[in-house]
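Remarks on the structure that follows.
So that the names make sense, note that chain A is the first sequence line, chain B the second, and so on, each numbered from 1.
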Amino acid sequence: MDHISPPKSPHELLERTHSIAGLTLAELAHRQQQTVPTNLLHAKGWVGQLIEQSLGASAGSRAEPDFVELGIELKTIPLNASGQPKETTYVCTVPLNEVATSWENSWIRQKLNRVLWLPIEADPDLSVSERRIGSAILAELTPQQDHLLKQDWLEHMELITTGRINEISAHHGAYLQVRPKAANNKALRNTTDEEGQSVQTLPRGFYLRTNFTIEILKQQYAL
DNA sequence: AGCTGATCATAT
DNA sequence: ATATGATCAGCT
């Protein structure tokens, strides 16, 4: 894989996004000396990682923003044939064994505060190779978005910190969901139940519903 | 057709 | 082992 130094400023980062906008994944993969998988079944994170490399993201799989020095997180948005988000967006792991923190100090808010969103064609009728990269959107959380996400987060954390995480389903949360995030449903982690006993539960992640990412796209384009 | 629960690969 | 990058695929 090619190593590119991290961008030194948001401006430089945006210039790099301009240089890849409109390329097909095959074209970008060739630049990065990568081979394109025939499908994403066994390469679910391939597109995101290709983009990370191309833009000089440095955090690897560490729990840090992708562009550490700039405090910017990178998220691809897979688009269906209508140009709408096809999937929810994974944000970060749900903390199962941490002392309660505020929304303002939470890891999820730090990540979402400044995000470089990069729409990518993902219509299943297009081969992975021919899918095109869109125009990036560098967005800060608006006060309204911050408030809405905080409400969801508070509801989730109330159940999580009182040992009732198993009562949470993906139906909860208007914009922010809690869903399984694991190798499979046998991969369990320790946590504490309502009576304070140590029990095992499925690891979970925070995900943004598509109704949130639709709004991000609307800020940029008139959908 | 959309959504929820399950799953796959890789880095550290 | 647990974080990251996500999409898959069966159910409603």
Side-chain angles (χ1 to χ4, degrees), chain A residues 1-3 6 25 28-29 32 34-68 72-98 106-108 110-112 115-129 131 133-134 136 152 156 165-191 198 200-214:
Chain A
M1 77 174 79
D2 259 21
H3 288 276
L25 294 179
L28 185 58
Q32 298 296 119
Q34 295 252 333
T35 56
V36 182
T38 49
N39 64 70
L40 298 180
L41 176 54
H42 297 286
K44 294 181 181 181
W46 181 80
V47 176
Q49 285 161 356
L50 176 69
I51 302 293
E52 281 187 348
Q53 282 176 33
S54 308
L55 298 179
S58 55
S61 68
R62 285 167 289 164
E64 291 179 10
D66 292 296
F67 302 98
V68 187
I72 295 175
E73 176 70 15
L74 172 67
K75 289 289 170 201
T76 58
I77 306 179
L79 301 182
N80 63 23
S82 312
Q84 305 252 108
K86 193 176 109 175
E87 295 282 351
T88 56
T89 302
Y90 167 71
V91 183
C92 64
T93 303
V94 170
L96 293 177
N97 298 297
E98 278 179 23
S106 67
W107 174 229
I108 181 171
Q110 288 183 59
K111 275 201 148 184
L112 292 178
V115 179
L116 182 72
W117 301 94
L118 196 40
I120 313 274
E121 287 181 338
D123 176 355
D125 287 346
L126 294 174
S127 70
V128 177
S129 283
R131 297 178 187 181
I133 298 160
D152 285 342
H156 294 318
I165 192 170
N166 289 333
E167 294 177 27
I168 304 179
S169 85
H171 294 93
H172 293 84
Y175 296 91
L176 186 67
Q177 289 177 307
V178 169
R179 303 222 306 279
K181 179 66 166 125
N184 55 61
N185 72 351
K186 310 286 188 288
L188 302 175
R189 288 196 59 189
N190 288 322
T191 189
S198 182
Q200 297 209 298
T201 192
L202 203 51
R204 318 298 166 93
F206 286 119
Y207 293 80
L208 292 171
R209 292 182 180 277
T210 53
N211 59 2
F212 185 88
T213 41
I214 283 174

Side chain of A/E52 only, please: which of B/dG5, C/dG5, C/dC8 is the nearest? C/dG5

Select base, sugar-phosphate, or nothing to describe what A/G45 touches, counting heavy atoms under 4.0 Å on all strands. base

Heavy atoms only, 4.0 Å cut-off, all strands: where does A/K111 land among base, sugar-phosphate and nothing? sugar-phosphate

Using OP1 and OP2 only, check whether a side-chain N or O of A/Q49 sits under 4.0 Å from C/dA6. no

Classify A/P203 by what it touches in the nucleic acid, base, sugar-phosphate, or nothing, heavy-atom distance under 4.0 Å. nothing

Is there a side-chain contact between A/I133 and A/L25 (heavy atoms, below 4.5 Å)? yes

Could you tell me if the side chain of A/L28 sits less than 4.5 Å from the side chain of A/I51, heavy atoms only? yes

Under 4.0 Å, counting only non-hydrogen atoms across every strand here, what does A/A122 touch: a base, just sugar-phosphate, or nothing? nothing

Any base atoms under 4.0 Å from A/T88, or only sugar-phosphate, or nothing? Heavy atoms, all strands. base

Ignoring hydrogens and angles, answer whether the base of C/dT7 and the side-chain atoms of A/K86 contain a donor-acceptor pair closer than 3.5 Å. no

Send over the distance from A/L202 CG to B/dT7 C1', rounded to a whole Å. 11 Å

N/O (side chain, A/R179) to phosphate O (OP1/OP2, B/dA6) under 4.0 Å: no

Between A/V115 and A/I72, is any pair of side-chain heavy atoms under 4.5 Å apart? no

Gap between atoms CG and P, on A/N185 and B/dC8 respectively (whole Å): 10 Å

Using a 4.5 Å cut-off on heavy atoms from C-beta on, say whether the side chain of A/Y207 contacts that of A/E87. no

How long is the line joining CD of A/Q177 and P of B/dA6, in whole Å? 14 Å

Would you indicate, yes or no, if C/dA6 has its OP1 or OP2 atom less than 4.0 angstrom from a side-chain nitrogen or oxygen of A/T76? yes

C/dG5 OP1/OP2 closer than 4.0 Å to side-chain N/O of A/Y90: no

Does A/H42 put a side-chain nitrogen or oxygen below 4.0 Å from OP1 or OP2 of B/dA9? yes

Non-hydrogen atoms of A/P95 and A/F206 that approach each other most closely: CD-CE1, 4.0 Å

Phosphate OP1/OP2 of C/dT4 contacted by A/W46 side-chain N/O (<4.0 Å): no

What integer distance in Å separates A/Y207:OH from B/dG5:P? 12 Å

How many whole angstroms separate atom NZ of A/K44 from atom C1' of C/dG5? 12 Å

Let me spell it out: for each of A/L41 and A/V178, pick the nucleotide of DNA chain B with the closest heavy atom. Which residue's pick is nearer the 5' end? A/V178

Among the nucleotides C/dT7, B/dT12, C/dG5, whichever has the atom closest to the side chain of A/L40 is C/dT7

Between A/R189 and A/T89, which is nearer to the 5' end of DNA chain C once each is assigned its nearest nucleotide? A/R189

Does a side-chain heavy-atom distance below 4.5 Å link A/L208 with A/K75? no

Can you find a donor-acceptor N/O pair under 3.5 angstrom joining the side chain of A/K181 to the base of C/dT4? yes

Could you check how far CG of A/L118 sits from C1' of C/dG5, rounded to whole Å? 14 Å

Atom CZ of A/F212 and atom P of B/dC3: how far apart are they, to the nearest Å? 17 Å

Distance check needed: B/dC3 C1' versus A/H171 NE2, whole Å only. 7 Å

